[in-house]
2 protein chains.
Amino acid sequence: MSTIRMVSKLAGVSTATVSRALKNPELVATETRQKVMEAVRQSGYRPNQLAKNFSSGRSYNVVVLVPNVANPFFSRVIRGIEQEAQTKGYAILLGDTQGCIEREQEYARMGLTSQADGLIQLDRRFPFSDDDKALAAAVPFVNACERISSDATYPVVELDNRGAARAMGQYLLHCGHKDIAVITGPPDSPIVRDRLSGMQDALLAAGLGLTAERIVQGDFSMRSGFAAAEQLLQQNSLPDAIFSMNDEMAIGAMAALKAQDVRIPDDISVAGFDNIEFSAYTNPALTTIDQPAEAIGRQAMRALYQLMHQLPLPQSHLVLPYELIIRDSTQQKVHS
Amino acid sequence: MSTIRMVSKLAGVSTATVSRALKNPELVATETRQKVMEAVRQSGYRPNQLAKNFSSGRSYNVVVLVPNVANPFFSRVIRGIEQEAQTKGYAILLGDTQGCIEREQEYARMGLTSQADGLIQLDRRFPFSDDDKALAAAVPFVNACERISSDATYPVVELDNRGAARAMGQYLLHCGHKDIAVITGPPDSPIVRDRLSGMQDALLAAGLGLTAERIVQGDFSMRSGFAAAEQLLQQNSLPDAIFSMNDEMAIGAMAALKAQDVRIPDDISVAGFDNIEFSAYTNPALTTIDQPAEAIGRQAMRALYQLMHQLPLPQSHLVLPYELIIRDSTQQKVHS
DNA sequence: GTGAAAGCGCTAACAG
DNA sequence: CTGTTAGCGCTTTCAC
């Protein structure tokens, strides 16, 4: 590995001149510049980015904390972050936390040790340990998808989850469904509560409600969606429709219903949330709420960039638009 | 941000002592150690990892090049890499290349500039630009999932793709299918060729073959699987079975078949490859080849670790076991 | 237009 | 057991 010193020797100039020739060629005489370039070529010199970063005090890395990369919704968000980061000269340090608090804290600490210049948290927890909390205030931090409940507030990029769930509720009601069941996520998640509130808004406005029995808890995995639907199937009657708080649980639920020969959408409507790519290809194709995952990622990265560079942040709470996607897993209720 | 110097002043010792008290406490007198620890506590000192890395000449970062993080198979491989990396003290720099050669080269260059200590390539291309090629020999590099065809050889972690496809072929033949169609990936991909060869092995052994018409090219996306199936539907007759080279294309194909009211598996069997989680939840559930994605990732990271630390590599070509997973999308042919 | 020198924060070799 | 010093590779004053 050749260093700037070797190049300077080869070219017969000082290291400062090499540095200038590469960074600000206009400050260097043409002839000198050519000597330097030739020396660079000969030696195969590549500036050591580690040294550059060290001396600038910036790593040009950003940690992205994600509960599970294998979740297609999150991986789309990450793609968005990554695209925006690359155009800005930043790289992504992937922090797949698997929901584990220790891993989360370990990654978050990178923000304190200059291994990363900022953090994007896609989960609902404030990722710093108690020990780090005080220092964490200095670390550029953005929250996306979820919303951390804490005293301190951070820029958030999210969806109008309540509005989206309300829209889905209104649509299902419009289909003639009155008995709607919901498969939720972890109840301490703000977005889960928002989506539940949204659905309740819609039902309430129609003079209906959600009984405790019809609220089944999942954990956003297909397996849990499957289990949730089985639970609903064991109840006295089948609901008219199931609203699942993400597409994967909806897909799990559809499999459970199909296993019991319940027809979708004839016997029951099923709707999801997120609009992952698979949802367009399920059988039947899944009605859902589209989240602009890549855009969420890009916006989160943009906000983080502003923070990292002490630039003004137009709005610290960004709400991106949802879209109701009607496919074949829901239909007008057939009154029997 | 407090530095080691501030701590040393606070504690009334030298920076070296602070460094020692933190790294090798046993080399420091108890009393001194306590003074240092107190100073650390008071100042909220966190060692600057950037400086540490710079001075050690190692970044403790590893670049993972992946064509598409949003592909669930790759994201599982990445999870495996990430798990293994974390236990070894390395972090993952995510290089989502989107199949774009420039992005690939940009990320690969990080290996030359000490931003990363090694690379794992999940795609089939040698990622360094021509300019960088000569220097690249010094960068620890591991190839997983795919196999780069080049003069130089690198550790590879992969599946017995040919054997797996052969097993699938034998199974489909065993079902009584004689007219088998294949949805491939990019034809210049070695694993695509392996899988094609494997299928041909099986057919040949049964005195059968694959006509050009029955080989339809996709690009591993659901959309392309959908299009491929449509293409097959336009041919004079329907094949007995479709073998898709990944699950996503199989899922796309199933959607296309269903749209034409072709029944699976009654009218046609469909099989995939990878065993992504969704495959267990499709309707009908997809027969496929299981690839141990996480294990592939872990092994790739382990090999890279050996390389980065100049440790011996037991075998530079690791072939991990596949498993035929028979579900409901394939069945014994009903002779009509 | 160019060189010398200091410094980024930390570790390690060497003295004492 | 602890302090001094040099050095990792690069950028950036400050002189000349």
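In what follows, every heavy atom counts, from backbone to side chain, and hydrogens, waters and symmetry copies are set aside. Below, chain A is the first sequence line, B the second, and so on; all start at residue 1. Values in this document were obtained by computation on a predicted structure and should not be read as measured data.
One interatomic measurement links the two molecules: CG of B:Leu50 to P of D:dC10, which rounds to 14 Å at whole-angstrom precision. Summarising the geometry, the separation between CZ on A:Arg58 and P on D:dT11 is reported as 15 Å, rounded to the nearest angstrom. In this structure, A:Tyr60 places its OH atom 18 Å from P of C:dC8, rounding to the nearest Å. Atom CD of A:Gln115 and atom P of C:dC8 are 21 Å apart (whole Å). Distance CG (B:Leu27) to P (D:dG3): 14 Å, rounded to an integer number of Å.
The two residues A:Arg103 and A:Gln98 make their nearest non-hydrogen contact at NH1-NE2, 3.6 Å. Of all heavy-atom pairs between B:Gln306 and B:Pro312, the closest is NE2-O, 2.8 Å.
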Self-check item: Contact state string [nucleotides 9-16 of chain C, B base, S sugar-phosphate only, - no protein heavy atom under 4.0 Å]
Solution: BSSBB---
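Under the 4.0 Å criterion applied to side-chain N and carboxylate O atoms, A:Glu106 and A:Arg109 are not assigned as salt-bridge partners. The residues A:Lys35 and A:Glu38 are annotated as not salt-bridged, no charged nitrogen and carboxylate oxygen being separated by less than 4.0 angstrom.
Axis angle between the ends of the helix from C:dG1-D:dC16 to C:dG16-D:dC1, five pairs each and rounded to 10 degrees, works out to 50°.
At least one side-chain heavy atom of A:Glu84 sits less than 4.5 Å from a side-chain heavy atom of A:Arg302.
Between the side chain of B:Asp123 and the main chain of B:Arg125, no donor-acceptor pair closer than 3.5 Å is present.
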